[in-house]
Amino acid sequence: MKIIKVAQPWVGREEVKAVQEVILSGRYISGLKVEEFERRFADYLGTRYAVAVNSGTAALHIALAVLGIGPGDEVIVPPLTFFSTVSAVLHQNSIPIFADIDPESYCLAPQDVEKKISSRTKAIIPVHLYGNSAEMKDIMQLARRYRLKVIEDAAQAHGTEYKAKKVGSIGDIGIFSFFATKHMTTGEGGMLVTNNKKYADLARMIRSHGLIGRDRHHYLGYNYRLSEIAAAMGLVQLKKLERANQKRIKNSLYLIKKLEKKRIPWIKTPKLAKHIKHTFFWCPICIDEKKLGMDTKSLVEALAKKGIETRHRYWEPLYKQKILLQKNAYPKGFPFNSKHYKKSIDYHKVYLQNAEKISGKVIGLPNHAMLTKQDLDIVVEKLIKIKAG
Ligand SMILES: *Cc1c(COP(=O)(O)O)cnc(C)c1O
């Protein structure tokens with residue numbers, strides 16, 4: 001049986017050649033490939049600066065450090081995202097505060113963000129989920145009004161546009177991931193983008209042990225550098241990104257149109273906003289379990305048995321993760337019991353209506369650049385026949 005995979009990197013001889021050249025050159029760190037990758041990524045995004053790092057999570061951590069967010073501070077995050085949006089906040093000894101999502105875009109709902117702002121709030125991290133964009137105009141307005149920083153988590157949205165601006169370039173800092181399944185990949189890798197020179201300079205320092213020069217350590221830093229090998233692959237992938245995105249979009253619109261035509265009562269296709277260029281990190285559909293007569297997990301398993309791989313994300317709001325419920329972050333109760341945080345938080349009491357309703361019911365259908373029209377037809381056929389067994 002042919003397996004249709006939900007994610008597959010679009011790679012070939014060009015990546016092999018680029019990586020091979022670096023390997024044979026003998027220079028693996030802090031060289032010209034990383035610099036060129038940063039310059040080209042900044043050009044692509046329309047920002048002044050880009051700083052390459054070795055994961056999207058590292059980029060998030062550096063972004064929070066650069067903005068001076070630390071003990072006693074609160075950062076507003078969405079409940080449906082990959083966990084590193086939340087863990088990066090904990091890494092800085094800050095407190096993640098969850099705001100609800102918009103039921104159509106699955107991204108942060110600005111009205112609820114405003115309700116969660118307190119005197120301790122320092123930043124908002126909108127996540128551009130599944131290749132969509134959060135409502136950035138409203139979020140930036142809130143940020144200005146309450147003097148908050150905005151870090152855009154665009155790890156699933158390389159090339160997504162909000163009102164003709166690339167996401168990641170709108171807030172104070174934007175971050176991207178080049179993990180194997182993302183729109184473009186370097187195996188592991190990430191990028192931080194900004195228009196602020198101070199932020200970019202500090203980010204470069206924190207990326208490499210807080211170093212100035214060769215042996216002066218001015219800040220608490222980490223080893224978050226990207227290798228030349230990864231950057232060489234990234235340069236090739238970046239060149240292909242627009243073409244890969246066009247295919248993702250075309251494939252997703254084909255799936256959506258076909259599903260809408262069939263009027264399957266248990267499938268809700270994504271609602272596309274006119275002011276957003278969605279780049280579809282998978283093609284997300286929402287399942288009405290009652291109408292289907294089966295839970296989403298069983299649907300995903302049934303599809304896998306028929307050779308269709310899908311993604312079941314995110315299956316519960318992140319405030320239900322044990323690390324938060326039991327406050328298992330740093331030893332001795334940090335950061336939750338830090339004397340700088342004069343409040344106490346109990347994640348058992350968090351309940352966000354839209355996140356509760358939607359989590360576990362969204363699945364991502366395959367839409368990557370390697371799929372043929374015939375593959376997409378098979379996905380639709382097998383999906384809509386699932387009820388019949
Ligand atoms: C993938 C992802 C990250 C983390 O990126 P890594 O490169 O895997 O560290 C962060 N946020 C979101 C929304 C992601 O999808």
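One is the number of the first residue; the rest follow in order along the sequence.
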Practice item. Please determine, by modelled atom types, if T47 and N195 share a side-chain donor-acceptor pair under 3.5 angstrom. Key: no
**Study point:** Partner residues of K357 under the salt bridge (charged side-chain N to carboxylate O under 4.0 Å, His left out) criterion, sequence neighbours left out
**Key:** none
Point to revise | Close side-chain approach of I276 and E161, heavy atoms under 4.5 Å | key: no
Revision key, fill the gap. Applying ring-ring contact (aromatic ring centres under 6.0 Å, His included) to H275 and not counting sequence neighbours gives Y162
Point to revise | Residues that E36 engages under salt bridge (charged side-chain N to carboxylate O under 4.0 Å, His left out), provided they are two or more places apart | key: R40
Exercise for review: Determine, for Y44 and K166, whether the Lys NZ or Arg CZ falls below 6.0 Å from the six-membered ring centre while staying within 45 degrees of the axis.
Suggested key: yes
Practice item. Return each pair, listed once, that meets ring pair (Phe, Tyr, Trp, His ring centres under 6.0 Å) where at least one residue sits in residues 60-86; pairs must be two or more places apart or across chains. Key: H61-H91, H61-Y222, H61-Y224
Check your understanding: Sequence neighbours excluded, which residues qualify as ring-ring contact (aromatic ring centres under 6.0 Å, His included) partners of F176?
Key -> F41, H158
Exercise for review: Considering only Ile, Leu, Val, Met, Phe, Trp and Tyr, and joining two whenever side-chain heavy atoms are under 4.5 Å apart, list the other residues clustered with F179.
Suggested key: none
Check your understanding: Mind checking what makes salt bridge (charged side-chain N to carboxylate O under 4.0 Å, His left out) contact with K361, not counting sequence neighbours?
Key -> none
Check your understanding: Can you list the residues that meet the side-chain hydrogen bond (donor to acceptor under 3.5 Å, both in side chains) rule with D375, with sequence neighbours excluded?
Key -> K2, T372
Check your understanding: By the rule that ILVMFWY residues connect when side-chain heavy atoms come within less than 4.5 angstrom, directly or transitively, which residues belong alongside M370?
Key -> W10
For residues 256-267, tabulate all N or O donor-acceptor pairs below 3.5 Å that involve a side-chain atom, not counting sequence neighbours.
{"residue": "K258", "atom": "NZ", "partner": "D377", "partner atom": "OD1", "Å": "2.6"}
{"residue": "E260", "atom": "OE2", "partner": "T269", "partner atom": "OG1", "Å": "2.7"}

Exercise for review: Would you indicate whether the side-chain heavy atoms of Q20 and E15 approach each other to under 4.5 Å?
Suggested key: no
Check your understanding: So, E242 and K277, do they make that salt bridge, N to O below 4.0 Å?
Key -> yes
**Study point:** Pairs touching residues 169-182 that satisfy side-chain hydrogen bond (donor to acceptor under 3.5 Å, both in side chains), sequence neighbours left out
**Key:** none
Review point. Which ILVMFWY residues can you reach from V22 by hopping between side chains whose heavy atoms are under 4.5 Å apart?
Key: V11, V19, I23, Y28, I29, I229, M233
